[in-house]
Protein chains: 2
Amino acid sequence: MIAEQRSVRDLRTTKPDKICIMILDSETKAVELPEHHGDELRLWLRLLTCTTLIEGEVRSRLRERFDVTLPRFDLMAQLDKVPEGMTLSDVSKRMMVSNGNVTGLVERLVESGHLDRRTSDADRRVQVIRLTKAGRAEFRKMAAEHELWIADVFGDLTPKDVRELMRLLAKTKASAQKSAKARAG
Amino acid sequence: MIAEQRSVRDLRTTKPDKICIMILDSETKAVELPEHHGDELRLWLRLLTCTTLIEGEVRSRLRERFDVTLPRFDLMAQLDKVPEGMTLSDVSKRMMVSNGNVTGLVERLVESGHLDRRTSDADRRVQVIRLTKAGRAEFRKMAAEHELWIADVFGDLTPKDVRELMRLLAKTKASAQKSAKARAG
DNA sequence: GCCAATTGCTTGAAACCTAAAGAAATCTGG
DNA sequence: CCAGATTTCTTTAGGTTTCAAGCAATTGGC
């Protein structure tokens, strides 16, 4: 079982099982490792730090300026893109959160008048939700500022940096999806 | 109020308020926008997608293999780096979560025998927490597999990709911190 | 038509998280 | 020394989140 877990893609080409890799990192010092995965781990931690940092910043600003939570904003953002509305399942897939989570979130947003919810005629299991007129207006106001915040957060990156990051993150996403699929499927 | 919010770094050097920027992006098509922030927004969404994807994957595997949650794993990871222990405030700063959050998290980990907690002699407000022997042993086991999962998740990236991502994310982090500080400070 | 599997959503329990307020200990400038 | 500010941690209230279990509607095979 563990042996299977260890068949990491990195090592597929190396045949023996006990190879030691000698790494000379001029910036720090020489390190010797049986398997060299430290870089990926550091990369992951840095990715996580960036996201957490920015997410916290956006969360604070949304609360300060509009007294709204990030999940609500995200849900409204999804709906803004599709005026004819979407099902709860669609939302949960797009937001990458659990189904039960969306139920509660939608409940509160319907309650506050931002969302409109109706049972589908074709399939009575399905709930279609849309932004109300008021909900859409409020979201647009928030979204406009939000875009400026984000631009500011990434303000020190050159256009080239942005393009390069986009490219590398696309590659990362594909790699991660492949890895997730390999485990589950 | 809004006017203040609009002083985005990008635009600081431009004096008039209604400049239109003409951007010729050879890869896509010419676009004309009063302010060009769409790229940053897309970048942010992609960053968030990557992190959410990987985080979900790690969360699943931790639960499956070790029946442990990600926050607990993260907390133990922080403590593993500092054998002599740290204060709750240290932990909350490092993990970038609220103070009250750490209180509950630590409570449960002390309960389950993974953590050891004691009041500091020098300052009786301070609680110092450390991994117990059992806690450390269990963490090391989890960490070893975790490192392989992460290597697998980033498996399709070349070493050069990894280096470049590290560099760009470092720049992103610095930019985001500067932006956050400018708002708060 | 009928039964089983699937799909869409809801519910409930436990954990996680934040912001804000509060309690206790310590520090600091008279 | 001592009152006020600060620091450290806990508590509280309100949400968010996941997972698992469950219900209801639909679909597909026979």
Side-chain angles (χ1 to χ4, degrees), chain A residues 48 51-53 55-76 85-112 114-115 117-129 184, chain B residues 48 51-53 55-76 85-112 114-115 117-129 184:
Chain A
L48 189 55
T51 302
T52 305
L53 192 61
E55 200 175 308
E57 186 62 16
V58 170
R59 191 189 303 277
S60 292
R61 297 202 196 196
L62 280 176
R63 166 174 293 272
E64 244 170 53
R65 285 277 302 145
F66 301 109
D67 193 34
V68 75
T69 64
L70 184 53
R72 288 179 199 206
F73 178 79
D74 283 344
L75 176 42
M76 293 173 82
M86 359 183 359
T87 71
L88 296 204
S89 291
D90 288 340
V91 173
S92 102
K93 269 178 212 116
R94 280 180 187 243
M95 292 180 70
M96 295 195 284
V97 299
S98 72
N99 232 330
N101 187 1
V102 173
T103 295
L105 212 43
V106 165
E107 208 167 74
R108 283 180 284 269
L109 279 168
V110 168
E111 169 73 22
S112 64
H114 293 90
L115 260 53
R117 150 198 237 155
R118 62 177 54 184
T119 303
S120 163
D121 293 328
D123 184 338
R124 274 179 302 174
R125 290 170 305 179
V126 175
Q127 306 279 324
V128 177
I129 54 174
Chain B
L48 189 55
T51 302
T52 306
L53 192 60
E55 199 174 309
E57 186 61 17
V58 170
R59 193 187 300 277
S60 292
R61 296 201 196 198
L62 280 176
R63 170 174 290 273
E64 243 170 54
R65 284 277 301 145
F66 301 110
D67 194 32
V68 75
T69 64
L70 186 52
R72 288 181 198 202
F73 178 78
D74 282 345
L75 176 43
M76 291 172 83
M86 357 181 3
T87 71
L88 295 204
S89 292
D90 288 340
V91 172
S92 105
K93 267 176 216 118
R94 280 181 188 241
M95 291 181 70
M96 296 195 283
V97 298
S98 72
N99 232 331
N101 186 5
V102 173
T103 296
L105 212 43
V106 166
E107 209 166 72
R108 284 180 285 268
L109 279 167
V110 168
E111 168 73 22
S112 63
H114 294 90
L115 260 55
R117 152 196 234 152
R118 62 177 54 183
T119 304
S120 162
D121 293 329
D123 184 339
R124 274 178 302 173
R125 290 170 302 180
V126 175
Q127 306 280 324
V128 177
I129 54 174

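Below, chain A is the first sequence line, B the second, and so on; all start at residue 1.
Between R72(B) atom CZ and dT18(D) atom C1' there is a gap of 13 Å when expressed in whole angstrom units. Between E57(A) atom CD and dA19(C) atom P there is a gap of 11 Å when expressed in whole angstrom units. Between the C1' atom of dG14(D) and the CD atom of E111(A) lies a distance of 15 Å, rounded to the nearest Å. Put simply, CG on D123(A) is 12 Å from P on dG28(D), counting in whole angstrom units. In this structure, CG of D67(B) is placed 12 Å from P of dC19(D), rounded to the nearest angstrom. Look at CG on L70(A): it is 12 Å from P on dA19(C), rounded to the nearest Å. Atom pair E55(A):CD and dT16(D):P shows a separation of 13 Å (rounding to whole Å applied). Taking atom CG on D74(A) and atom C1' on dT17(D), their separation rounds to 14 Å, with Å as the unit.
Atom-to-atom distance recorded for M96(A):CE and L48(B):CG is 6.5 Å, nearest 0.5 angstrom.
Put simply, R63(B) has no side-chain N or O that comes within less than 4.0 Å of OP1 or OP2 on dT18(D). Put simply, R124(A) has no side-chain N or O that comes within less than 4.0 Å of OP1 or OP2 on dT27(D). The shortest distance between the side-chain N/O atoms of T69(B) and the OP1/OP2 oxygens of dT18(D) is not below 4.0 Å.
Along DNA chain D, the nucleotide nearest D121(A) and the nucleotide nearest N101(A) are compared for position; the residue whose nucleotide lies closer to the 5' end is N101(A). Remark on DNA chain C: of its neighbouring residues G104(B) and G56(A), the 5'-side contact belongs to G104(B), judged by nearest-heavy-atom nucleotide.
Closest approach of L62(B) and L70(B) over heavy atoms only: CD1-CD1, 3.8 Å. Looking at every heavy atom in both residues, T119(A) comes nearest to R124(A) through CG2-O, 3.6 Å.
By the 6.0 Å contact criterion, CD on E111(B) is open, its count of non-hydrogen atoms from other residues, nucleotides or ligands being 12 or less.
N99(A) comes within 4.0 angstrom of a nucleotide base, judged by non-hydrogen atoms across all strands. Base engagement by T103(B) is indicated by at least one non-hydrogen atom pair under 4.0 Å involving a base atom.
Looking at the side chain of L88(A), the nearest of the listed nucleotides dC9(C), dA15(C), dC9(D) is dC9(C). Taking every side-chain heavy atom of P71(A) into account, dT16(D) is the closest of dC9(D), dT16(D), dT10(D). Taking only side-chain atoms of V126(A), from C-beta outward, the nucleotide of dT18(D), dG8(C), dC9(D) with the closest atom is dG8(C).
Side-chain contact annotation: T87(A) with D90(A), donor-acceptor N/O pair under 3.5 Å present.
For dT26(D), its base never sits under 3.5 Å from the side chain of R125(A) at any donor and acceptor pair.
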